[in-house]
Undergrad: 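My questions all concern the structure below.
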Amino acid sequence: MKNPHEIQNYMTPAPHVIQEDDSVAIAAEVMSAHRIRHLPVIRAGELVGIVSDRDLKIALAFRGPGTLLVGDVMTQDPFVVHPGAALDRVSGIMAVRKYGCAIVKAPGGKILGVFTDTDALRVLSEIFQRSDAK
């Protein structure tokens, strides 16, 4: 049985991903279509960064000539955790470092999910609801 305090129990599973060489416009379309705010960025199947809706809005507001690519605006070295990472530890690091999400990866490197600040707020709400029910 899984430990109930593991991040894998609270992440958004099977996240959408975007290629590093896709355009910022395509990334914005994917986010809009799926109502998400974070996309892991991959190159040849490997995680190389994360792009947020905020990154895209800034990039689109200040774009110059030419096409901006996701790789131009992504954050390299995203916060990555394993599926068994403790919820409190991951949430604490996100809060202190002001991260909007953590990418959950299997030991073999497969992206399993994304744990976002919205997921953390949902967990907090559930905790309070259980507490109030007692």
Side-chain angles (χ1 to χ4, degrees):
M1 180 175 143
K2 293 180 186 175
N3 179 334
H5 302 292
E6 293 177 348
I7 203 71
Q8 65 187 332
N9 298 317
Y10 303 99
M11 69 183 184
T12 301
H16 299 277
V17 297
I18 191 97
Q19 299 288 329
E20 178 184 41
D21 58 356
D22 283 337
S23 72
V24 166
I26 290 172
E29 288 173 18
V30 171
M31 286 185 186
S32 177
H34 298 286
R35 300 181 63 210
I36 56 176
R37 297 182 301 134
H38 302 91
L39 280 171
V41 180
I42 59 173
R43 177 190 322 126
E46 297 294 320
L47 179 69
V48 294
I50 186 85
V51 66
S52 71
D53 61 339
R54 181 175 173 221
D55 297 328
L56 299 181
K57 287 174 187 169
I58 292 169
L60 291 170
F62 294 104
R63 71 175 168 219
T67 301
L68 274 175
L69 302 179
V70 171
D72 297 327
V73 301
M74 72 179 185
T75 298
Q76 296 179 16
D77 301 318
F79 181 40
V80 176
V81 299
H82 63 86
L87 173 65
D88 62 336
R89 182 177 178 278
V90 174
S91 298
I93 291 169
M94 287 174 62
V96 168
R97 297 185 183 167
K98 298 184 185 335
Y99 292 151
C101 73
I103 299 174
V104 182
K105 279 180 54 177
K110 180 181 178 191
I111 299 171
L112 301 174
V114 175
F115 179 76
T116 67
D117 47 6
T118 301
D119 294 323
L121 289 170
R122 181 178 36 81
V123 172
L124 181 62
S125 174
E126 290 170 5
I127 290 169
F128 277 106
Q129 288 172 14
R130 282 194 303 262
S131 174
D132 288 345
K134 290 181 181 180

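All figures in this text were calculated on a predicted structure; none of them were measured in a lab.
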Undergrad: Excluding sequence neighbours, so at least two apart, what forms side-chain contact (heavy atoms from CB on, under 4.5 Å) with A106?
TA: K110, L112

Undergrad: Among T118, I36, T116, which residue satisfies the side-chain contact (heavy atoms from CB on, under 4.5 Å) criterion with C101?
TA: T116

Undergrad: Between L68 and A59, what is the shortest heavy-atom contact and its length?
TA: CD1-O, 3.5 Å

Undergrad: Shortest non-hydrogen contact from V70 to S23?
TA: CG2-O, 3.7 Å

Undergrad: Y10: which residues meet the ring pair (Phe, Tyr, Trp, His ring centres under 6.0 Å) condition with it, sequence neighbours left out?
TA: none

Undergrad: For Q19, what residues pass the side-chain hydrogen bond (donor to acceptor under 3.5 Å, both in side chains) criterion, not counting sequence neighbours?
TA: none

Undergrad: Under the side-chain contact (heavy atoms from CB on, under 4.5 Å) rule, collect the residues that match up with S32, sequence neighbours excluded.
TA: none

Undergrad: Taking atom CG of D21 and atom OG1 of T67, what is their separation to the nearest 0.5 Å?
TA: 12.0 Å

Undergrad: If I take atom NE2 from residue H38 and atom CD1 from residue I18, how far apart are they, to the nearest 0.5 angstrom?
TA: 14.5 Å

Undergrad: Using side-chain contact (heavy atoms from CB on, under 4.5 Å) as the criterion, list what pairs up with R35, not counting sequence neighbours.
TA: none

Undergrad: Following the transitive rule for hydrophobic clusters with a side-chain heavy-atom cut-off under 4.5 Å over Ile, Leu, Val, Met, Phe, Trp and Tyr, establish whether L124 and I7 coincide in one cluster.
TA: no

Undergrad: Of the non-hydrogen atoms in G109 and K105, which two are nearest, and what is the gap between them?
TA: O-CE, 3.3 Å

Undergrad: Could you see if L121 belongs to whatever hydrophobic cluster contains V81? Use Ile, Leu, Val, Met, Phe, Trp, Tyr and a side-chain cutoff under 4.5 Å.
TA: no

Undergrad: Would you indicate whether the side-chain heavy atoms of L56 and M31 approach each other to under 4.5 Å?
TA: yes

Undergrad: Through direct or indirect side-chain contacts below 4.5 angstrom among Ile, Leu, Val, Met, Phe, Trp and Tyr, which residues connect to I42?
TA: V17, L47, I50, V80, I103, I111

Undergrad: Say whether L60 and V41 are linked into one hydrophobic cluster, either directly or through other cluster members, by side-chain heavy-atom distances under 4.5 angstrom.
TA: yes

Undergrad: With a 4.5 Å cut-off on side-chain heavy atoms, are V24 and L69 touching?
TA: no

Undergrad: Show me the pairs that pass side chain to side chain donor-acceptor pair (under 3.5 Å) and involve residues 69-92, at least two apart or across chains.
TA: none

Undergrad: If you define the side chain from C-beta out and look only at heavy atoms, does anything of V114 sit under 4.5 Å from V104?
TA: no

Undergrad: Could you walk me through whether H16 and L39 pass side-chain contact (heavy atoms from CB on, under 4.5 Å), step by step?
TA: CA-CA 6 Å; H16 299 277; L39 280 171; 3.8 Å; yes

Undergrad: Are L87 and V96 connected in a single hydrophobic cluster, I mean Ile/Leu/Val/Met/Phe/Trp/Tyr linked by side-chain heavy atoms less than 4.5 Å apart?
TA: no

Undergrad: Run the salt bridge (Lys or Arg N to Asp or Glu O under 4.0 Å) test against R122 and tell me which residues pass, sequence neighbours left out.
TA: D119, E126

Undergrad: According to salt bridge (Lys or Arg N to Asp or Glu O under 4.0 Å), who are the partners of D117, at least two apart in sequence or on a separate chain?
TA: R37

Undergrad: So which pairs with a foot in residues 109-133 pass ring-ring contact (aromatic ring centres under 6.0 Å, His included), sequence neighbours left out?
TA: none

Undergrad: The criterion is side-chain hydrogen bond (donor to acceptor under 3.5 Å, both in side chains); which residues satisfy it with R43, sequence neighbours excluded?
TA: E20

Undergrad: Taking only residues two or more places apart in sequence, or in another chain, which ones meet D53 in a salt bridge (Lys or Arg N to Asp or Glu O under 4.0 Å)?
TA: K57

